[in-house]
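Right, one structure below, let's go through it.
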Amino acid sequence: MEKVNQNVDTILKQIETKIHKSSDFFSRTVTLHRKKILYCFFESVSSDDKISDFFMKSISNDIKYGKKSFFEDLFDNLQNTITNSKLTVIDDFSQVYYYLASGFTCIFIEGYERYIVLETKSNLDRGVAEASSEAIIRGPKDSFTENHMTNIGLIRKRIKDPNLWMDEVKVGRRTKTKVAIGYIQDIVPKEKVELVRNKIKKIDIDGILDSGYIMDFLSPKQHSSFPKIISTERPDLVCGALLDGKICVLVENSPFVLVMPGMLVDFLHSPEDNYQKPANVIFTRGLRALAFFVTLLTPAIYIAITNFNQEMIPDRLLISLAIQREGVPFPTAFEVMLLGITFEMLRESDIRIPKVTGTAISVVGALVLGDAAVNAGIVSPIVVIIIALTSICGLLFTDVDFTNALRGWRIFFILCASIMGIVGIVAGGIIFVAKLASLESLGTPYLTPFSPLNLQAQKDNVIRTSRDKLRKRPSYLAPKNQTRLQVNYDEN
């Protein structure tokens, strides 16, 4: 802790030396009752109107002296006249830079080793809008923003329970970013909360600019491309996860909230599954599960049956494939890899391209390149169909890390099929399942509730039963408080 100098002129020199007389730094010294008062703030993050309308008018009022000191009388006067802003007394001078950068006005009084910080933040955040990275067809349209308190408020307005706790930690030696750990304390096991809290406290880094910075620190040290933490902009998804017994991590200045633990099945679900009829949800989840295997295995299976296991193809289809490949100079595996990489480039350009341009360039690029490649005899038409089907199925998953993991394992299966055909795919599948089975997140196996098998959780897994039958929370998330619903009406 650094002591506060009693001379306001010395304090001002210390601050200006530390920040090198920054252009947005403003300070002024006034005299009140023969006491020098120094107040300073950063114009870039503070509101001039708040300072002139509230603070200056408050210190201009006559302060009635009582038995208290001048410092305490001034603090009481500010506290009684400015009721809509945070007001705190600080005795550690090293914290002055944090408060200045956070939009506070620091008030120093001659002769005292303490100072007052008054919240005068300027509104630098965008308003609550619809999520841009996750399409919303049915459900709440609001999304998280860069404002830390707004994000917490979007959760609290949905879960009005005193057991919803938000533990805050500052991370980053230079940024001192607020990181909040949210959980429902009578549902989540304490040891999981402590594990997350300890991991965050151990982070020693210059700065945290987004929630993605701390994702690597929170993930288990296991070499895997599959994400074990869910990143989302949707408050309804986070609130549903909290009610199930999960933990969320909110990072200041980031619109993406982390939810953990994240299992494989979570990436096959969508928040909108909770707002639709069970029969429709079963169909859409079945499509996602099918798309998972199609995007992962289709190119490898095509390579295997055309190069190694041709007896598996009907004669007419085999002849048709042979005719299509006539004149193509490259091996099948090279065709698939070439076209697959081309599509990934187009997909990446579609993501990075300015929105005003739209997706016309990527669509036209795919059509022109595909047609030109076939006409030039570089690739066969069936390979274009295979890559198109694979890519379309991959678009069903919105999480970037999950999509990239599928892409990496798809290449792995292509290599296995290129070496040993169907046998290679089976061998690769064993390695794939073994790898997934070895992963965990906060002590929960990644393949839960498939392995280990949890029959109770199958009610809301690939299939989903009606809401009135989901009476228990998943036991692997909330072992001590599983009751979710108590039905007290006649079901008939």
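Numbers here are sequence positions counted from 1. Quick note: numbers below take in every heavy atom, side chains included, and nothing from hydrogens, waters or symmetry partners.
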Q. Step by step, would you call R173 with D204 a side chain to side chain contact (heavy atoms under 4.5 Å, CB included)?
A. CA-CA 7 Å; R173 292 189 300 269; D204 186 13; 2.6 Å; yes
Do the side-chain N and O atoms of [X] and [Y] include a donor-acceptor pair separated by under 3.5 angstrom?
X	Y	result
N454	S475	yes
N253	E146	no
R464	N274	no
N147	T145	no

Heavy-atom side-chain contact between [X] and [Y] under 4.5 Å:
X	Y	value
P449	V265	yes
F226	L406	yes
D266	F402	no
I155	L250	yes
D142	K157	yes
Q95	K176	no
M166	I181	no
R316	I319	no

Flag if over 12 foreign heavy atoms under 6.0 Å of [atom1], [X]:
X	atom1	value
M345	CE	no
F293	CZ	no
L453	CG	yes
K18	NZ	no
R138	CZ	no

With a 3.5 Å distance limit and no angle check, can you tell me whether [X] reaches the backbone of [Y] through a side-chain donor-acceptor pair?
X	Y	answer
D273	S270	yes
T306	I303	yes
T177	I208	yes
S122	S44	no
T298	T390	no
S219	D216	no
Q185	W165	no
T295	A291	no

Of all heavy-atom pairs between [X] and [Y], which one has the smallest distance, and what is that distance?
X	Y	result
K459	L470	CB-CD2, 3.7 Å
V128	S143	CG1-O, 3.6 Å
R234	P140	NH2-O, 4.3 Å
A304	I425	CB-CD1, 3.8 Å
A300	F413	CB-O, 3.4 Å
K246	V188	O-CG2, 3.8 Å

(Q) Under the criterion salt bridge (Lys or Arg N to Asp or Glu O under 4.0 Å), I'd like the reasoning laid out for R285 against D460: C-alpha separation, chi angles, the key distance, then a yes or no. (A) CA-CA 10 Å; R285 285 185 179 177; D460 190 17; 2.9 Å; yes
If you measure from [atom1] on [X] to [atom2] on [Y], what distance do you get to the nearest 0.5 Å?
X	Y	atom1	atom2	value
L264	F450	CG	CZ	7.0 Å
I392	I387	CD1	CD1	11.5 Å
E168	H148	CD	NE2	4.5 Å
L237	F144	CG	CZ	8.5 Å
M260	S231	CE	OG	12.0 Å
T403	R407	OG1	CZ	8.5 Å

Q) Can a salt bridge be assigned to the pair R473 and D244 using a cut-off of 4.0 Å between side-chain N and carboxylate O? A) no
Q | Option from I229, L477, V196 for which side chain to side chain contact (heavy atoms under 4.5 Å, CB included) with L442 holds | A | V196
Q. Out of F42, Y99, Y97, Y98, which one pairs with F104 under the ring-ring contact (aromatic ring centres under 6.0 Å, His included) rule?
A. Y99
Q. For Y302 and I382, what are the C-alpha separation, side-chain angles and deciding distance, and is it a side chain to side chain contact (heavy atoms under 4.5 Å, CB included)?
A. CA-CA 9 Å; Y302 170 73; I382 186 64; 3.1 Å; yes
Q. Please walk me through it: do V179 and E252 pass side chain to side chain contact (heavy atoms under 4.5 Å, CB included)?
A. CA-CA 6 Å; V179 178; E252 187 180 18; over 6 Å; no
Q: Report the C-alpha separation of L154 and V238 in whole Å, then their side-chain angles, then the decisive distance to 0.1 Å, and conclude whether the side chain to side chain contact (heavy atoms under 4.5 Å, CB included) test is met.
A: CA-CA 10 Å; L154 290 172; V238 174; over 6 Å; no
Q: Using the six-membered ring wherever Trp is involved, compare the ring planes of F432 and F292 and label them parallel, tilted or perpendicular (cut-offs 30° and 60°).
A: tilted
Q: Report the residue from K192, K190, R197 that forms a salt bridge (Lys or Arg N to Asp or Glu O under 4.0 Å) with E194.
A: R197
